[in-house]
Amino acid sequence: MLSKLRIGKLVSCSLRRRICERRFLVTSNAFSESTVVAAESPELPSWIKDFLSNKPSSSNLVTDDEDFVIPSLAGWVEGQKFSGGEEVNVTKKPMEDIDKVCEFLNKKDASHWEVVKELSGCDVEVSESLVLQVLRRFSNGWNQSYGFFIWAKSQTGYVHSGKSYNAMVDVLGKCRNFDLMWELVNEMMKCQECGIVTLDTMSKVMRRLAKSGKYSEAVDAFLEMEKSYGVKTDVNGMNSLMDALVKENSIEHAHEVFLKLFDIIKPDSRTFNILIHGFCKARKFDDARTIMDLMKVTEFSPDVVTYTSFVEAYCREGDFRRVNEILEEMRENGSKPNVVTYTIVMHSLGKSRQVAEALGVYEKMKEDGCVPDAKFYSSLIHILSKTGRFKDAAEIFEDMTKQRVPRDVLVYNTMISAAVHHSRDEMALRLLKKMEEEESCSPNIETYAPLLKMCCQKKKMKLLGVLLHHMVKNDVSIDVATYILLIRGLCMSGKVEEACLFFEEAVRKGMVPRDSTCKMLVEELEKKGMAETKFKIQSLVQSKVMTTKSESPPLPVT
DNA sequence: CTAGGGTTAG
């Protein structure tokens, strides 16, 4: 038993040999039995045909498909009229209602009042679950979701729940419409029974403000919330605020809050850990130490979380000597590294190309009786894939079931991204399909990003359409980052017309791509001699910049 | 509401 965890010397010679021989990996029969990683059949799998149920006559989906003409994009992206014809298989119960609503919402995207007007002809029965689904599906288009929200409120027999209000508040905050967001919070205070504004609501508000760099406003929201909305300003709220500030890169504001409220709100161990994490993240190690010392003179003492923050920070610096020192200090103080600590160290070693050492951490962790979890596996899969060991990555993925660790979205996302990286397009799509069978594993925007990128690069226009449709069905709303990905990707593949359609749609939704993307598109149009379209795009950018500049700061970089 | 991912560039 090693008394000290020495990263550099962690791996004994024999262990190192075993690792090199890959004996630590599962046997290969597990691999061949797998359904996901099975040899990729040349035939078009039936589930892809399911995807394509609107176009049953389609030919080979995963090969190039140059001559496919993109229909109306508006229908692709937030609607359901992909290319006419019958509905795709309906899985969720309120699906029909949501599709009706979608159709209405796609007709109008001018202002939310017009959306409200438009919806008067919509005959669906509003329920909380429908509202939440619509808000999720349109979480990047506030005038549509807000229009729907207002309309729903006017329906007889329906009253918005606190949950629905919170979701709406979050969407408005996400779209940086803070005026409307506050208006809604105030409305919650007025028209419903008391107590509908909760810490949940205020946490969303503070987080969204912090995300937009409005740190002081986030702090004020917290300080005022008891007086204005009756939400107690206790340690939980303070932690939520400080965590938001730290995560959005203002340890300064978090520290200020801490000092200001120290005598009024008694901090708990989380408060200290949030601060320490913040200072570590900002590479202010002395300050982090100071807080840790302060922690020691209270009733709390540094724990795994505290030390792990330091471990992570030194890992990021590539200073593994310091990492060892921290691990030693941790042990001396009676804390043992846990799965999070091990994940961080392993991932960091893998990133700095010390793969054998990284895998040694895996061994060491198992020796310590520490059980890997889904996030750990995700890191491991990523490292293996990045170093070209795709097959090993796939084996680990398969082995998770045997280890009784349920896969989560992140694991799937990592595996899909790895498959795309290694040109295993069909496997990537099979994985996406397999996600549907898994519990609590719905795809998110990150699931689709590598797949969409692949479509753009390989000019698979039909598959691109299918995926966009799939996204809508899964209530994944397209954000700015995705539009940028599509526009740039299509531009680089010479698909300018398609890029323009996405550009127009993005602008129509109030999501103006960044300068470099606009420039890229305009240059591409110039090159192709499409002067008219070029002019159209340019004036589109001009008008949007004018209208949006006054009310909101530049779009997030993400 | 405490610590872990990845995305983006020719």
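Residue numbers begin at 1 in each chain, while the letters A, B, ... track the order of the sequences. Source: prediction; values computed, not measured.
For H347(A), the listed nucleotide lying nearest its side chain is dG6(B); candidates were dG4(B), dT2(B), dG6(B). Taking every side-chain heavy atom of N236(A) into account, dC1(B) is the closest of dG4(B), dT7(B), dC1(B). In the set dG5(B), dC1(B), dT2(B), the nucleotide with an atom closest to the side chain of E446(A) is dG5(B). Residue S379(A) places its side chain closer to dG5(B) than to any other of dG5(B), dA3(B), dG4(B). For T343(A), the side-chain atoms get nearest to dG4(B) when compared with the rest of dT2(B), dT7(B), dG4(B). Side chain of K386(A), nearest nucleotide from dG5(B), dG4(B), dT7(B): dT7(B).
The stretch residues 242-271 of chain A touches DNA chain B through D243(A), K247(A), R270(A), each having a heavy atom within less than 4.0 Å of the strand.
Other residues, nucleotides and ligands place no more than 12 heavy atoms under 6.0 Å from the NZ atom of K351(A). Surrounding NE2 of H421(A) are at most 12 heavy atoms belonging to other residues, nucleotides or ligands under 6.0 Å away.
Residue F376(A) is in base contact, counting any heavy-atom pair closer than 4.0 Å across all strands shown. Nucleic acid contact for N338(A): base, since at least one base atom lies under 4.0 Å from a heavy atom of the residue. Residue-level contact check: I274(A) touches the backbone only, with heavy atoms under 4.0 Å from sugar-phosphate atoms and none from bases. The residue V339(A) sits close to a base: some heavy atom pair falls under 4.0 Å. K204(A) comes within 4.0 angstrom of no nucleic acid atom, judged by non-hydrogen atoms across all strands.
Taking a cutoff of 4.0 Å between a charged side-chain nitrogen and a carboxylate oxygen, K519(A) and D515(A) do not qualify as a salt bridge. Between K284(A) and E252(A), at least one side-chain nitrogen of the basic residue sits less than 4.0 Å from a carboxylate oxygen of the acidic one, meeting the salt-bridge criterion.
Across the protein-nucleic acid pair, I416(A) atom CD1 and dT7(B) atom P stand 14 Å apart, rounded to whole Å. Here dG4(B) presents its P atom at 8 Å from CZ of R316(A), a figure rounded to the nearest Å. Atom pair Y448(A):OH and dT7(B):P shows a separation of 19 Å (rounding to whole Å applied). With rounding to whole Å, E312(A) atom CD is found 15 Å from dT2(B) atom P. When the C1' atom of dT7(B) is taken as reference, atom NZ of K351(A) falls 12 Å away, rounded to whole Å. If you measure from atom CG of D303(A) to atom P of dA3(B), you get 12 Å, rounded to the nearest angstrom. We find that CG of N239(A) is positioned 11 Å from P of dA3(B), with the value rounded to whole Å. Between H382(A) atom NE2 and dG4(B) atom P there is a gap of 16 Å when expressed in whole angstrom units.
Here the side chain of S250(A) pairs no donor or acceptor atom with the backbone of V246(A) at under 3.5 angstrom.
Classified by interplanar angle (parallel below 30°, tilted 30° to 60°, perpendicular above 60°), the ring pair H255(A)/F258(A) is parallel.
In this structure, R407(A) forms a cation-pi arrangement with F397(A), its terminal cationic atom sitting closer than 6.0 Å to the ring centre and no more than 45° off the ring axis. Within the cation-pi definition used here (under 6.0 Å to the ring centroid, within 45° of the axis), K366(A) qualifies as a partner of Y362(A).
Residues F285(A) and Y314(A) bring their aromatic ring centres within 6.0 Å.
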All N/O contacts under 3.5 Å from nucleotides 8-10 of chain B to the protein, with atom names and distances to one decimal?
residue: dT8(B); atom: O5'; partner: K453(A); partner atom: NZ; Å: 3.2

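No hydrogens or angles were tested; on distance alone, a donor-acceptor pair under 3.5 Å links the side chain of D373(A) to the base of dG4(B).
D220(A) places none of its side-chain heavy atoms less than 4.5 Å from the side chain of L209(A).
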